[in-house]
Amino acid sequence: MTGRRPDLAEPRRRREADDYASRVLDVVDAIPEGNVMSYGDVAELLGEGGPRQVGRVMALWGGGVAWWRVVHADGSLLAGHEQAALARYAAENTPLRQPAAGGPPRIDMRRARLGS
DNA sequence: GGTGTGACGCAGG
DNA sequence: CCCTGCGCCACAC
């Protein structure tokens with residue numbers, strides 16, 4: 001049919017985006033204390049989108065969930081929120097890897113990564 | 001409709 | 001350990 005009704009088609013796509021975001025946040029919310037997942041892990045478990053999509057969702061709406069349980073694949077912490085994240089890790093006893101000297105601490109992915 | 005950008009990830013050097 | 005390039009995809013301009 002030629003009547004596309006853009007006034008209805010547009011909002012539908014918007015709803016799908018929110019739905020995807022809601023799924024991402026749901027997965028993050030399901031990560032147990034003391035464990036973490038990488039952006040790629042979340043995307044893979046979700047079976048949809050990619051690490052960057054997950055990252056964007058977290059950037060926009062991650063404030064309402066345990067955002068510190070989503071880290072980079074190499075275990076490095078979220079830039080700009082290292083202190084807040086570190087406090088959380090200490091509180092829930094998340095396994096960290098201490099650097100030899102002065103360097104930035106990272107998650108011990110082998111032990112903290114969920115699923116392996 | 002091309003271009004740049006990003007709370008990513010991986011391979012190379 | 002550092003930096004660079006490329007793939008990836010949604011979004012802003």
Side-chain angles (χ1 to χ4, degrees):
Chain A
M1 202 185 314
T2 53
R4 296 185 295 100
R5 299 198 297 182
D7 55 317
L8 292 180
E10 280 303 309
R12 187 185 69 181
R13 179 155 156 357
R14 169 61 190 253
R15 192 196 68 77
E16 285 188 19
D18 286 349
D19 187 49
Y20 175 74
S22 144
R23 271 189 253 173
V24 170
L25 298 177
D26 192 42
V27 170
V28 175
D29 204 38
I31 304 175
E33 266 191 34
N35 286 109
V36 299
M37 286 182 81
S38 74
Y39 296 89
D41 288 340
V42 175
E44 192 174 341
L45 179 65
L46 215 56
E48 218 172 349
R52 310 210 63 137
Q53 277 57 264
V54 174
R56 190 159 40 80
V57 170
M58 291 302 289
L60 294 174
W61 301 290
V65 296
W67 53 265
W68 58 91
R69 294 181 193 154
V70 183
V71 298
H72 293 260
D74 64 354
S76 56
L77 308 186
L78 173 58
H81 299 270
E82 292 90 347
Q83 279 304 312
L86 249 20
R88 297 291 191 166
Y89 299 144
E92 56 191 66
N93 206 24
T94 303
L96 297 177
R97 253 186 82 183
Q98 52 258 53
R106 291 188 315 183
I107 300 286
D108 188 340
M109 291 303 278
R110 198 177 47 173
R111 289 196 294 162
R113 196 178 192 187
L114 192 59
S116 65

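Side chains are part of it too, since the values below use all heavy atoms of this structure and drop only hydrogens, waters and symmetry mates.
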For the pair made of [atom1] in [X] and [atom2] in [N], what is the distance, rounded to whole Å?
X        : N      : atom1 : atom2 : result
A:Leu46  : C:dC8  : CG    : C1'   : 16 Å
A:Met58  : C:dA10 : CE    : P     : 19 Å
A:Arg97  : C:dC1  : CZ    : P     : 7 Å
A:Met109 : B:dC8  : CE    : C1'   : 12 Å
A:Leu45  : B:dC8  : CG    : P     : 19 Å
A:Leu60  : B:dC8  : CG    : C1'   : 15 Å
A:Glu48  : C:dC9  : CD    : P     : 12 Å
A:Asp41  : B:dA7  : CG    : C1'   : 15 Å

Sugar-phosphate only, base, or nothing, as touched by A:Gly50 at under 4.0 Å among non-hydrogen atoms: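 If one applies the 4.0 Å heavy-atom cut-off, A:Gly50 turns out to touch nothing in the nucleic acid.
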Sugar-phosphate, base or nothing in reach of A:Arg56, heavy atoms under 4.0 Å: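 A:Arg56: backbone/sugar contact only, no base atoms under 4.0 Å.
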Heavy-atom donor-acceptor pair, A:Arg52 side-chain to B:dC8 base, under 3.5 Å: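 Answer is yes: a donor-acceptor pair is held.
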Closest to side chain of A:Gln53, choosing from B:dG6, B:dA7, B:dC10: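 Looking only at heavy atoms from C-beta outward on A:Gln53, the closest nucleotide is B:dG6.
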Residue mapping more 5' on DNA chain C - nearest nucleotide basis, A:Pro104 or A:Pro51: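 Residue closer to the 5' terminus by nearest nucleotide: A:Pro104.
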Does the side chain of [Y] come within less than 4.5 Å of [X]'s, by heavy atoms?
X        : Y        : value
A:Trp68  : A:Thr94  : no
A:Val70  : A:Met37  : no
A:Val71  : A:Met109 : yes
A:Leu114 : A:Pro32  : yes

A:Ser38 vs B:dC8: side-chain N/O to OP1/OP2 distance below 4.0 Å: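 The answer is no; no side-chain N or O of A:Ser38 sits under 4.0 Å from OP1 or OP2.
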Phosphate OP1/OP2 of B:dA7: any A:His72 side-chain N/O under 4.0 Å: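 It does not, given that no N or O in the side chain of A:His72 lies less than 4.0 Å from OP1 or OP2 of B:dA7.
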B:dA7 to C:dC13 separation - P atoms, rounded to the nearest Å: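 Comparing P positions in B:dA7 and C:dC13 gives a spacing of 15 Å.
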Sole candidate of A:Leu25, A:Val27, A:Val57 that passes side-chain contact (heavy atoms from CB on, under 4.5 Å) when paired with A:Val42: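 So the option named by the test is A:Val27.
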